[in-house]
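Everything below concerns the one structure shown next.
Quick caveat: nothing in here was measured; it's all calculated off a predicted structure. Numbers here are sequence positions counted from 1.
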Amino acid sequence: MSKLGNLGARLHRGEIGYDFVKNRKIWYGLSILITITAIVGLAVRGLNMGIEFQGGAVFTTPKNVSVSVSQAEEYAESASGHDAIVQELGDGSLRIQVAGIETDKANQIKNQLSDDLKVDSEQINAELVGPSWGEQIANKAWQGLGIFLILVVIYLAIAFEWRMALAAFVALIHDITITVGIYALVGFEVTPGTVIGLLTILGYSLYDTVVVFDSLKEQTKDLTKQTRWTYSDVANRSINSTLVRSINTTVVALLPVAGLLFIGGGVLGAGMLNDISLSLFVGLAAGAYSSIFIATPLVADLKEREPAMKALKKRVLAKRAQAAAKGETQVHGDDEAYADEPEDAAPAVVGPRNQPASRTRGRGRPSGKRR
């Protein structure tokens, strides 16, 4: 077995583990700082909305135009009076995008570009996007996002409980805010591809969160019938038992996206790939982070406000203090210190288990051998 596989097995069995829930205030503070930075970037710089959302025109020149991209950009900005984006296509033609212009001005810009580029105006293809169509696309995108979030909350509330639904909703808003803020800070253009990428990463984020929640739900059955573990202990065990799985799925998903973003967009200059790859890259990373450091600790916080969980925590801490007073060394995870607990007690522990569970099984019971 590989080292990573062995680590995952030990995490799943509870032999080792990191206390994510105990340090939740650190993760909350870090997330608040990142979120505030994203919101400030969004408020100061705003989003660079693509032509599909604000309207404009796209001009495609014939092949092998004898001007550079930067020179064509200057010509387009001079003819339109607006910022222009110029991309060189694979066949040698240029794609000139000018946003925020009226459709009746497109012919004037086309004729000016024809003179500047020294090509026949009939050879320049013009595609017009009206601002009303762009506004309609933007509204549909927001409606789709809203419907998605509502359905997610309803599903989680039914499949798990409202606290988990609320925690998942907070994690999703966290991921959306960070991704949109990064777009504002780096100035990437927002296109329909960006919206597709955004909805995709929400699915990835929700998947990781549901995996942890499913483990947590399974391990907290009849939790109040024992006095070994608090809800936070079991929540921490759920994170640790699925940690390697979450890391593996996130890394495997990030590798091809990183190829699109850094190689396709950066090295090859395929600008259209940047629209979707940046949202995927940032969103996948933020989604993995929020599933581990935000959603589950938040569920533990909400759950331990219940009277039953408060009483359980009080009993657990009292029993640990009693065990410590008796001089027992393994207060938090010792099977011998809690030999009187029912066998179906929650199996979660925080920290290493120095004694295997098999040592206490059957203690005080007949072995079945006749003497």
Side-chain angles (χ1 to χ4, degrees), residues 11 14 16-42 153 156 160-182 205-206 208-217 219-220 223 228-247 250 282-321 324 331-333 346 348-352:
L11 285 168
I16 59 173
Y18 181 78
D19 202 338
F20 292 96
V21 177
K22 180 180 179 181
N23 298 309
R24 59 189 179 276
K25 291 184 179 180
I26 298 176
W27 320 132
Y28 293 165
L30 181 60
S31 294
I32 291 173
L33 180 62
I34 297 174
T35 303
I36 291 175
T37 303
I39 293 174
V40 170
L42 183 61
V153 171
L156 291 179
F160 298 98
E161 60 171 300
W162 70 266
R163 294 170 187 82
M164 291 184 176
L166 178 60
F169 179 78
V170 171
L172 290 176
I173 296 299
H174 167 273
D175 300 341
I176 293 172
T177 304
I178 291 178
T179 306
V180 174
I182 293 295
S205 174
L206 187 63
D208 282 340
T209 302
V210 168
V211 167
V212 181
F213 283 178
D214 186 65
S215 174
L216 180 57
K217 179 183 177 181
Q219 295 192 54
T220 52
L223 184 64
R228 290 188 189 183
W229 327 115
T230 66
Y231 193 93
S232 291
D233 294 337
V234 183
N236 197 69
R237 170 63 184 269
S238 298
I239 298 175
N240 280 280
S241 63
T242 58
L243 182 62
V244 172
R245 176 180 179 178
S246 297
I247 293 174
T250 302
V282 176
L284 287 173
Y289 172 84
S290 65
S291 299
I292 297 171
F293 296 96
I294 302 299
T296 309
L298 184 57
V299 169
D301 273 339
L302 295 173
K303 195 70 177 178
E304 290 199 335
R305 294 183 180 183
E306 292 182 353
M309 293 303 165
K310 284 183 178 180
L312 172 63
K313 185 175 182 179
K314 186 176 181 180
R315 295 197 305 270
V316 171
L317 295 180
K319 190 151 191 176
R320 290 174 184 172
V331 179
H332 198 22
V349 301
V350 178

Q | Heavy-atom check, side chain of Val211 versus side chain of Ser291, under 4.5 Å | A | no
Q | Spacing of CD belonging to Glu161 relative to CZ belonging to Phe213, to within rounding of 0.5 Å | A | 9.0 Å
Q. Is there side-chain contact between Thr242 and Asp214, with heavy atoms separated by less than 4.5 Å?
A. no
Q. Just by distance, do the side chain of Ser31 and the backbone of Tyr28 share a donor-acceptor pair under 3.5 Å?
A. no
Q.
Could you work out, with ring-ring contact (aromatic ring centres under 6.0 Å, His included) as the rule, every residue matching Phe293, not counting sequence neighbours?
A. Phe20, Trp27, Tyr289
Q. Can you tell me how far the NZ atom of Lys303 sits from the OG atom of Ser232, to the nearest 0.5 Å?
A. 12.0 Å
For a quick test of your reading: what N or O donor-acceptor pairs under 3.5 Å do the side chains of residues 311-318 make, sequence neighbours left out?
| from | atom 1 | to | atom 2 | distance (Å) |
| --- | --- | --- | --- | --- |
| Arg315 | NH2 | Thr224 | O | 3.1 |

Q) Is there a donor-acceptor contact under 3.5 Å from the side chain of Arg305 to the main chain of Leu302? A) no
(Q) When you compare the side chain of Asn236 with that of Lys22, does any pair of heavy atoms fall below 4.5 Å? (A) no
(Q) Let me confirm one number: the CG-CG distance from Asn240 to Leu243, rounded to the nearest 0.5 Å. (A) 6.0 Å
Q) In chain order, what residues pass the side chain to side chain donor-acceptor pair (under 3.5 Å) check against Thr179, with sequence neighbours excluded? A) none
Q.
With heavy-atom distances below 4.5 Å as the criterion, would you say the side chains of Phe160 and Val210 are in contact?
A. yes
Q.
Contact between Ile34 and His174 at the side-chain level, heavy atoms closer than 4.5 Å - yes or no?
A. no
Q: For residues Leu216 and Met164, determine if any side-chain heavy atom of one lies less than 4.5 Å from a side-chain heavy atom of the other.
A: yes
Q: Taking the side chain as every heavy atom from C-beta outward, state whether Val212 and Ile292 have any atom pair closer than 4.5 Å.
A: no
**Q.** Arg320/Asp233 salt bridge by N-O under 4.0 Å criterion
**A.** yes
Q. Which residue, Asp175, Thr209, Asp208, forms the side-chain hydrogen bond (donor to acceptor under 3.5 Å, both in side chains) with Ser290?
A. Asp175
(Q) Less than 4.5 Å apart, side chain to side chain, heavy atoms only: is that true for Ile26 and Leu30? (A) no
